[in-house]
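These numbers were taken from a predicted model, which means no experiment stands behind them. Lettering of chains follows the sequences in order, A, B, ..., and the numbering in each one begins at 1.
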Amino acid sequence: MVELSNEKMVDMFKTMLKIRHFELRVKELVLKGSIRGGVHLYLGEEAVATGVCACLKKDDYITSTHRGHGHCIAKGGDISRMMAEILGKETGYCKGKGGSMHIADIDIGILGANGIVGGGLPISVGAAFSCKKRKTHQVVVSFFGDGASNQGSFHESLNMASVWKLPVVYVCENNQYAVSTHVSKSTSVKDVSIRASSYGIEGRSVDGNDVLTVYNTAKELIDIARQGKGPSLLECKTYRWEGHYVGDPMAYRCKEDVDKQKSENDPIVRFEGYMVNQKIVPASEIEQIKKETIDLVDKAEKFAHESKVLPVEKVTEDIFA
Amino acid sequence: MVELSNEKMVDMFKTMLKIRHFELRVKELVLKGSIRGGVHLYLGEEAVATGVCACLKKDDYITSTHRGHGHCIAKGGDISRMMAEILGKETGYCKGKGGSMHIADIDIGILGANGIVGGGLPISVGAAFSCKKRKTHQVVVSFFGDGASNQGSFHESLNMASVWKLPVVYVCENNQYAVSTHVSKSTSVKDVSIRASSYGIEGRSVDGNDVLTVYNTAKELIDIARQGKGPSLLECKTYRWEGHYVGDPMAYRCKEDVDKQKSENDPIVRFEGYMVNQKIVPASEIEQIKKETIDLVDKAEKFAHESKVLPVEKVTEDIFA
Amino acid sequence: MAEKTFAEALREAIKEEFLRDENVVLFGEDVGIHGGAFGVTRGLWDEFGGKQLFDTPLSEVAIAGTAVGAAMTGLRPIAEMMYLDFITIAMDQVVNQAAKIRYMFGGKAKLPLVIRTPCGGGRGNAAQHSQSLEAWFVHVPGLKVVMPSTPYDAKGLLKTAIRDDNPVIFIEHKLLYGTIRQDIPSEEYLIPFGKGDIKREGKDVTLVATSLMVHKALKAADELLKHGINVEIIDPRTLFPLDKDIIINSVKKTGRLVVVHEAPVRAGIGAEIVAMVTGEAFEYLDSPPRRVGGLHCPIPYELELEKEVIPDEEDIINAVKSL
Amino acid sequence: MAEKTFAEALREAIKEEFLRDENVVLFGEDVGIHGGAFGVTRGLWDEFGGKQLFDTPLSEVAIAGTAVGAAMTGLRPIAEMMYLDFITIAMDQVVNQAAKIRYMFGGKAKLPLVIRTPCGGGRGNAAQHSQSLEAWFVHVPGLKVVMPSTPYDAKGLLKTAIRDDNPVIFIEHKLLYGTIRQDIPSEEYLIPFGKGDIKREGKDVTLVATSLMVHKALKAADELLKHGINVEIIDPRTLFPLDKDIIINSVKKTGRLVVVHEAPVRAGIGAEIVAMVTGEAFEYLDSPPRRVGGLHCPIPYELELEKEVIPDEEDIINAVKSL
Ligand SMILES: Cc1ncc(C[n+]2csc(CCOP(=O)(O)OP(=O)(O)O)c2C)c(N)n1
Ligand SMILES: Cc1ncc(C[n+]2csc(CCOP(=O)(O)OP(=O)(O)O)c2C)c(N)n1
Ligand SMILES: [Mg+2]
Ligand SMILES: [Mg+2]
């Protein structure tokens with residue numbers, strides 16, 4: 001168990017809130033019709049990205065997924081440029097060419113969200129191989145879902161990372177569902193972390209809605225990776241609050257289950273309770289933090305709205321370097 | 001431990017010998033220049049196909065590999081039509097269109113050798129799904145190598161077979177090498193069977209040069225599959241006597257290792273010793289069996305040599321049904 | 001007769017074939033209660049779930065392989081790839097196994113399988129969810145490639161695909177599912193492969209269009225008529241087998257050819273059609289054939305950018321006028 | 001100057017680039033001590049093994065993904081796919097990731113990666129080890145596609161590929177590795193992408209040929225000269241970017257076009273070249289352009305059958321004569 005400074009914990013709390021309010025705003029905007037394409041929200045899963053990325057340095061890498069906003073924010077992404085991207089603006093991370101599923105910020109190690117489930121895992125092998133070859137002591141974290149753990153790319157990547165002893169931590173966000181498919185119907189093990197044994201690597205399953213547990217476990221595994229001792233697999237059990245995408249009719253699960261999760265297992269409420277209890281931060285300050293977070297999201301939205309769309313003549317640029 | 005009749009054991013011995021002499025002949029023919037393309041011999045691995053296929057019924061299915069002659073013979077394939085195929089003749093299993101890597105005999109459940117490493121595993125899922133859906137109590141065995149166990153198709157197939165509880169047994173022939181790459185350099189576990197735990201299925205590793213052990217273990221797993229209790233993974237440890245293909249310079253391993261395996265761990269010599277010791281069959285009869293086997297191979301070769309090549313006008317036939 | 005959407009027509013085809021032959025099965029990601037990403041199988045779960053309709057894990061390789069193995073052993077599988085883009089993951093099973101097995105085995109196996117999959121852009125799904133890759137499959141001997149443009153065609157062709165003993169890649173444009181309605185006969189019908197359809201008769205220019213582009217071409221044709229150009233629109237419906245005659249006969253009449261598809265122009269199916277026509281009806285061509293297709297870039301996310309990349313009525317009109 | 005085989009020329013390029021930049025790495029199945037299935041990296045292990053040269057597990061998806069991730073983070077990877085046929089397994093990484101990442105990210109990433117892979121038949125390797133799939137990659141925006149025919153070109157183009165900041169699919173015909181020898185300068189040289197090469201000057205017919213077919217075309221040209229037909233042979237060398245000018249200029253001179261490749265004719269690169277030329281130089285064509293390519297079937301195993309499927313000198317001669 002690592003000792004965490006109060007400051008660090010407050011930072012993590014801020015990050016979780018930022019993800020929460022960013023996603024709530026994105027949801028509003030989708031429902032208003034301001035955002036096109038499929039948008040997959042990270043609501044309810046904030047502790048995972050936050051706990052894991054809190055262990056990373058700026059130049060460490062992550063590969064992310066179609067449900068990537070949370071990873072991006074936790075790794076230090078700029079929510080104004082994110083919002084601008086999601087609204088398809090020139091000032092967005094990808095000039096409006098990528099949208100929600102392709103946000104990337106190479107400068108701070110975000111090697112991209114990915115529209116292909118399981119598509120990021122092999123890329124993380126390459127990034128980790130690069131860190132090892134260039135002897136930079138950087139580490140890679142590859143996020144993916146429970147559904148993705150059934151892709152062949154998962155298997156090839158973990159095996160190769162293990163054989164080559166690469167500095168990469170595979171973080172499975174088990175939010176119980178892949179679109180409509182419950183994990184029990186698609187995945188032949190109860191704990192995805194069991195699959196670590198297929199690669200002779202460390203595997204852990206933790207309560208993914210407990211940010212401190214996520215942090216502590218991730219820290220341990222990331223340290224191992226950084227020391228050159230190879231990859232590992234961390235499963236964070238969490239729950240997807242929303243439909244697969246905003247607008248999903250969700251014929252496959254009942255509202256009560258979702259409501260129960262929201263009311264009893266909100267990672268932010270849990271962390272807030274802990275911090276207030278432990279007197280890490282007074283309740284009054286929490287209100288202030290929330291207000292400030294919403295202000296940031298307001299600003300991001302304003303920035304995005306006020307930005308322009310890329311001139312269409314530039315649509316065929318950016319293919320080749 | 002299943003009681004095996006003497007007759008059954010003698011049959012298995014004959015099968016092993018048939019594979020051995022068939023492969024020796026193929027090797028000769030390759031070295032003579034009568035066979036083109038890549039040919040991958042099963043020499044030294046005879047106990048695996050023999051032990052496993054001895055548990056199967058005629059209408060059970062197998063999927064095979066680039067190193068498939070042994071599987072085909074053990075499943076009841078006709079060595080004359082095999083030899084004709086390898087020599088590219090119209091009377092061959094594929095009319096000369098397939099060659100060594102694509103021999104198939106659907107009528108006796110051989111769903112084909114496969115030039116793609118790992119290509120047969122997903123096909124076995126479909127065949128097993130079909131058996132289950134049609135309620136036929138057939139079983140599928142999918143052969144593949146240690147190298148193939150690192151393909152994504154391995155992972156997807158075993159997971160899906162497990163989730164759907166399909167009647168399929170995955171048989172990994174761990175012959176230590178994938179082309180030049182030793183299993184320890186490519187595969188992150190010591191026993192491939194450990195990977196069964198990733199799918200919540202039974203996994204076993206056995207001495208693949210001991211045909212009775214292979215038989216007994218395969219029998220158990222095939223019975224489980226036939227009873228509708230789902231898939232399993234059986235690793236048979238064996239050794240590839242030849243280069244990856246006939247003509248492989250083998251810069252990656254030393255002759256001594258190979259010679260040691262050949263002299264100390266020949267699956268046929270071992271089985272022969274056992275049978276003579278246990279008085280299952282007198283030594284004299286063994287000589288007779290060997291002679292008969294060689295006669296069969298002679299006949300097959302003769303048949304193949306005397307057969308014609310398909311008229312070239314027919315080359316574009318057989319694409320669509 | 002009853003008016004149906006494209007998705008409904010497909011659903012009807014699937015249901016009818018399920019009922020006709022219990023060996024017809026359909027599987028894919030979230031095709032069960034969820035009804036598939038575009039609702040094609042919605043409502044079928046109660047009657048067929050677990051019997052002929054199956055949800056799979058997120059495993060495109062295993063999905064395609066299951067289709068191959070099931071087809072070889074007595075079933076008539078329909079595998080759904082949630083987006084055509086994801087078939088990239090399963091190309092070995094599609095191209096090296098499904099397409100080649102019968103041939104490699106000297107004519108021994110039958111592979112009555114269909115891979116149904118949605119293609120195309122226009123929904124802001126960006127580069128990895130918007131491709132049109134039909135040209136790849138047309139290039140692979142052993143595959144049949146179907147790309148219907150109307151509910152009527154979709155139903156008749158899907159039934160034919162299911163009854164075909166060979167691997168069929170059945171590509172459905174996402175924007176067709178809910179937007180197009182058409183009267184469909186209540187009696188059973190099948191549409192044979194290799195028969196194109198003249199979607200509009202004309203005499204001045206032959207416009208070969210596929211899938212969604214047929215509808216854009218129809219609109220463009222109305223506009224062009226105002227300029228005195230009477231366009232004949234041919235929908236090949238199946239890209240392999242291709243109805244060469246219907247195209248060549250039209251070109252013989254019009255002397256002019258434009259091919260329109262959504263995929264990028266370069267090495268697209270338009271190249272094949274142009275090359276085929278110039279090879280077989282060169283002397284009838286009064287002007288160089290033109291191709292209209294996507295710009296040479298991945299499909300971008302934002303609306304205006306995406307519109308710029310995907311061909312529209314105006315692009316078609318301009319191409320025809322430029323002849 | 002020294003005489004080198006095609007494989008030696010490639011090896012030299014790799015070695016020189018290894019030495020020039022330690023961030024250049026090469027990995028793939030059995031590329032180490034074994035030297036790769038066709039010996040291209042043979043002899044490099046002692047000097048570079050474990051430093052710039054790496055054996056991988058049998059995992060095409062991970063190999064391609066490693067190239068993508070490594071390229072995005074500072075290396076210049078060369079990934080070897082043992083046979084082009086196996087790239088089917090890795091198509092997501094090639095097509096959805098490598099080709100699109102820079103664009104999807106709005107121009108933010110560089111992807112200096114090369115996928116080297118042998119194509120083609122002629123060795124009795126049958127249907128799953130003999131394909132020529134270059135047309136697929138040409139159809140995908142974001143990929144460059146190289147297909148050299150001589151040792152000189154192979155070396156100069158591979159060096160350019162390694163230094164290019166974009167994904168390059170580098171396709172080497174298996175029959176070229178050991179059969180063709182050519183003098184190669186001892187000084188360093190690079191060959192730019194997008195510049196075709198006139199392998200033989202002529203005035204009567206333009207023959208565009210790729211890879212191994214260049215050599216068959218050269219032989220066919222000798223024969224045709226005896227019949228009084230003087231063929232100009234153009235090797236585009238890179239299929240994307242394509243040197244349109246060199247082809248069009250030649251057609252303007254000759255008025256006649258034949259395109260030859262080993263891949264099946266249907267939707268092959270020949271279709272693109274014919275469509276491009278008819279689009280841009282229609283009025284110069286004196287006869288319908290012809291395509292010569294593989295028959296529409298998988299590549300069979302047996303020698304005579306395989307020969308029948310793959311185009312040869314005679315097929316080229318007949319096509320030229322038929323103009
Ligand atoms: C290869 C591939 N197959 C299917 C899809 C469609 N799809 C997008 S997200 C998703 C479910 C992913 O589930 P999981 O990995 O658990 O992530 P989650 O959405 O729960 O975060 C599916 C099937 C895809 N994008 N890529
Ligand atoms: C997908 C794929 N990758 C690579 C190859 C080339 N290849 C053929 S056999 C082989 C090694 C296979 O090793 P293993 O699975 O252990 O089987 P073994 O040859 O030992 O029987 C390789 C790399 C192939 N045929 N298919
Ligand atoms: Mg999930
Ligand atoms: Mg092996």
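The ring pair (Phe, Tyr, Trp, His ring centres under 6.0 Å) analysis of residues 115-134 of chain A, with sequence neighbours excluded, yields the pairs Phe129(A)-Trp164(A), Phe129(A)-Phe27(D), Phe129(A)-Phe54(D). Within the structure, the salt bridge (charged side-chain N to carboxylate O under 4.0 Å, His left out) test picks out the following pairs touching residues 198-211 of chain B (sequence neighbours left out): Glu202(B)-Arg204(B), Arg204(B)-Glu220(B), Asp207(B)-Arg270(B).
The neighbour count for Lys185(B) NZ, taken as heavy atoms of other residues, nucleotides or ligands under 6.0 Å away, does not exceed 12.
Residues Thr213(A) and Thr217(A) form a side-chain contact, since some pair of their non-hydrogen atoms from C-beta on lies under 4.5 Å apart. Counting heavy atoms from C-beta on, the side chains of Ile194(B) and Glu235(B) never come closer than 4.5 Å. Asn114(A) is not listed as a side-chain neighbour of Thr65(A), based on a closest heavy-atom distance of 4.5 Å or more.
Between the side chain of Arg240(B) and the main chain of Asn175(B), no donor-acceptor pair closer than 3.5 Å is present.
Residues of residues 142-155 of chain A placed with any heavy atom under 4.5 Å of a heavy atom in chain B are listed by number as Ser149(A), Asn150(A), Gln151(A), Gly152(A), Phe154(A), His155(A). By a heavy-atom distance cut of under 4.5 Å, not one residue of residues 249-261 of chain B is near chain A.
In terms of heavy-atom pairs under 4.5 Å with chain A, the best-connected choice from Val163(B), Asn159(B), Val189(B) is Asn159(B).
Using a 4.5 Å cut-off between heavy atoms, Ser186(A) touches chain B through its backbone atoms (N, CA, C, O) alone. Neither the backbone nor the side chain of Lys190(A) has a heavy atom closer than 4.5 Å to any heavy atom of chain B.
Under the 30°/60° scheme for interplanar angles, the aromatic rings of Tyr177(A) and Tyr239(A) are found to stand perpendicular.
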field: Test log, rule salt bridge (Lys or Arg N to Asp or Glu O under 4.0 Å), inputs Lys75(B) and Asp60(B)
entry: CA-CA 9 Å; Lys75(B) 187 66 176 60; Asp60(B) 288 333; over 6 Å; no
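Taking the centre of each ring, His244(A) and His66(A) come in below the 6.0 Å mark.
Using a 4.0 Å cut-off between charged side-chain N and carboxylate O, Asp191(A) and Lys237(A) make a salt bridge.
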